[in-house]
Amino acid sequence: MKSNPTQDVKLNPETLPFHVAIIMDGNGRWAKKRLMNRVKGHEKGTQTVRCIVTACAELGIGMLTLYAFSTENWARPKHEVKALMMLLKKFIVSERDEFSKNNIHLNIIGQKHRLPEDVQKEIDTTLTLTKNNDKMILNLALSYGSREEITTAVKNIARKIELKELKFREINQDLISDHLYTRKMPDPDLIIRTSGEYRLSNFLMWQAAYSEIYISDTLWPDFSEKEFIGILKNFQERDRRFGKVPCNKSNDG
Ligand code: IPE
Ligand code: IPE
Ligand code: MG
């Protein structure tokens, strides 16, 4: 019988990250290594998405945010953007049953209005179908970029001040957070980036202030549930200090 990696590992349910965010990178290089078209890498990457979403739901992760398409990715060759949009639409439709089965609530962060209309339509149907699911929130970051997100938030706050709906002295960190796509969501506890790149690439720059970061050399299409669980174990061994002094339990009191 095939062993199930989620059953083999001892993770402490008390210290699981609530919010995991992933920069899914390396699809193109995965394909290039095999002398294949980049789109083949994106296709294989979609299978990894499926596997990690299901693993997160089974493990009891409360929120998973996946960076699927950045504001900068629009500048890729037209045919690649088209293929990515087609794969996105296929995923949104094919996963509906799986989301319902696993009680997953889909949410989008980013410029949904910039996506092709047919993709937006399918997204809206899945959003409606999953809106009462409450086991895990799956945030797909689509046409997402932190600089755009923060610029839009600043504009919306300025407009409210202009209209006298808000006072200058009411601006604080919570108010800014409430104007981001991630409003009412907790910040990511853990951000994983695959493919060995040490950068955020315009992802959750406000929200990542105290996130734990893990860089994996694995290309996204090769990323597995087993590696993911290993990263969660690594997270559980870290000491999150949030700028305070180390927490030494034996010296408490
Ligand atoms: C991630 O893989 C997918 C998207 C950014 C849409 P890439 O397409 O960036 O793959 P590499 O980085 O070129 O290998
Ligand atoms: C980040 O990957 C964006 C997504 C994973 C959607 P990129 O491949 O676009 O980032 P850079 O160009 O390596 O910084
Ligand atoms: Mg890349």
Side-chain angles (χ1 to χ4, degrees), residues 19-53 56 63-92 94-95 106-116 119-120 122-123 137-152 180-182 185 188 190-208 211-224 227-228 231:
H19 184 180
V20 177
I22 310 183
I23 304 173
M24 310 181 289
D25 198 15
N27 294 351
R29 276 162 284 168
W30 183 92
K32 196 174 172 206
K33 261 173 61 180
R34 289 161 180 79
L35 305 177
M36 295 195 293
N37 186 288
R38 293 176 58 84
V39 174
K40 288 282 171 214
H42 296 313
E43 277 174 22
K44 189 74 174 39
T46 311
Q47 289 176 27
T48 311
V49 173
R50 222 166 260 138
C51 154
I52 297 302
V53 169
C56 281
M63 185 175 282
L64 173 67
T65 299
L66 297 176
Y67 202 10
F69 194 85
S70 74
T71 45
E72 288 73 27
N73 289 152
W74 289 113
R76 291 190 177 198
K78 250 195 184 141
H79 67 88
E80 183 171 341
V81 171
K82 208 171 155 199
L84 282 165
M85 291 301 141
M86 196 268 292
L87 281 171
L88 170 63
K89 184 174 158 186
K90 246 173 97 178
F91 175 80
I92 291 291
S94 70
E95 295 316 288
L106 179 73
N107 187 57
I108 306 297
I109 59 171
Q111 303 167 299
K112 182 158 79 82
H113 64 273
R114 280 187 77 183
L115 303 174
V119 178
Q120 286 189 50
E122 297 299 353
I123 287 177
I137 293 178
L138 171 64
N139 281 316
L140 281 189
L142 299 172
S143 189
Y144 174 87
S146 286
R147 288 184 173 179
E148 186 280 326
E149 177 182 45
I150 293 168
T151 307
T152 303
L180 301 175
Y181 292 120
T182 51
M185 295 177 195
L190 171 65
I191 297 180
I192 301 168
R193 181 166 188 152
T194 58
S195 89
E197 306 289 2
Y198 285 73
R199 54 178 174 262
L200 283 176
S201 300
N202 209 6
F203 186 52
L204 301 180
M205 279 158 24
W206 170 276
Q207 300 86 339
S211 304
E212 294 298 320
I213 298 179
Y214 190 101
I215 308 289
S216 158
D217 284 333
T218 307
L219 302 174
W220 177 250
D222 289 329
F223 191 73
S224 65
E227 180 171 0
F228 180 64
I231 296 171

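Numbering of ligands and ligand atoms starts at 1, following listing order.
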- Query: What class does the angle between the rings of Phe69 and Trp74 fall in, given that below 30° is parallel, 30 to 60° is tilted and above 60° is perpendicular?
  - Reply: perpendicular

- Task: Please report which non-hydrogen protein atom sits nearest to atom 13 (O) of ligand 2, along with the residue it belongs to and the distance in Å to one decimal place.
- Result: Arg199 NH2, 2.8 Å

- Within reach of ligand 2, part of Ala141 (heavy-atom separation under 4.0 Å): neither

- Message: Show me which atoms of ligand 2 lie under 4.0 Å from any heavy atom of Arg193.
- Response: 2 (O), 10 (O), 11 (P), 13 (O), 14 (O)

- Query: Is a side-chain donor or acceptor of Arg193 paired with a backbone partner of Arg199 at a separation under 3.5 angstrom?
  - Reply: yes

- Would you name the N/O/S atom of Asp25 that lies closest to the Mg ion (ligand 3)? OD1

- Message: Does the residue Ala31 have a heavy-atom contact with ligand 1, meaning some pair of atoms that are separated by less than 4.0 Å?
- Response: no

- Checking heavy atoms under 4.0 Å, the part of Arg76 that sits near ligand 1 is side chain

- Message: Main chain of Lys112, side chain of Ser143: is a donor-acceptor contact present, judged purely on distance under 3.5 Å?
- Response: no

- Item | Short side-chain to backbone donor-acceptor contact, Ser146 and Leu204, under 3.5 Å | yes

- Query: Which residue supplies the protein heavy atom nearest to atom 10 (O) of ligand 1, what is that atom called, and how far is it?
  - Reply: Gly28 N, 2.9 Å

- Determine whether any heavy atom of Arg29 lies closer than 4.0 Å to an atom of ligand 2. no

- Any donor and acceptor pair, going by atom type alone, linking the side chain of Tyr67 with main-chain N or O of Tyr144 inside 3.5 Å? yes

- Message: Please evaluate residues Gln207 and Thr182 with respect to the criterion side-chain hydrogen bond (donor to acceptor under 3.5 Å, both in side chains), reporting the C-alpha separation (whole Å), side-chain torsions for both, the decisive distance (0.1 Å), and the verdict.
- Response: CA-CA 8 Å; Gln207 300 86 339; Thr182 51; 2.8 Å; yes

- Sidechain-backbone polar pair: Thr48 side chain, Pro221 backbone, donor-acceptor under 3.5 Å: yes

- Query: Mind checking whether Arg50 and Ser94 have side chains closer than 4.5 Å, heavy atoms only?
  - Reply: yes

- Could you see which bit of Leu219 sits under 4.0 Å from ligand 1, with heavy atoms only: side chain, backbone, both or neither? neither

- Short N-O contact, Glu197 and Arg29, less than 4.0 angstrom: yes

- Query: What protein heavy atom is closest to atom 14 (O) of ligand 2, reported as residue, atom name and distance in Å?
  - Reply: Ser201 OG, 2.6 Å

- Query: Is Tyr67 close to ligand 2, meaning an N/O of one under 3.5 Å from an N/O of the other?
  - Reply: no

- Message: Is Met24 close enough to touch ligand 2? Criterion: a residue heavy atom under 4.0 Å from a ligand atom.
- Response: yes

- How does Phe69 reach ligand 2, if at all, at less than 4.0 Å between non-hydrogen atoms: by side chain, backbone, both, or neither? backbone

- atom 6 (C) of ligand 1: nearest protein contact (heavy atom, Å): Ala68 O, 3.4 Å

- Non-hydrogen side-chain atoms of Val20 and Ile231 separated by less than 4.5 Å: no

- Matching residue for Asn202 among Glu149, Glu72, Arg147 - test: side-chain hydrogen bond (donor to acceptor under 3.5 Å, both in side chains): Glu72

- Message: With nothing but distance in play, are any N or O atoms of Ser70 less than 3.5 Å from an N or O of ligand 2?
- Response: no

- Query: With only distance considered, is Trp30 within less than 3.5 Å of ligand 1 through an N or O on each side?
  - Reply: no

- Name the one of Leu140, Leu138, Val49, Asn139 that satisfies side chain to side chain contact (heavy atoms under 4.5 Å, CB included) with Leu64? Leu138

- Sub-4.0 Å heavy-atom contact, Ser195 with ligand 1: no

- Item | Proximity flag Glu72 to ligand 2, non-hydrogen atoms under 4.0 Å | no

- Query: When you look for heavy atoms under 4.0 Å from ligand 1, do you find them on the side chain of His42, its backbone, both, or neither?
  - Reply: side chain

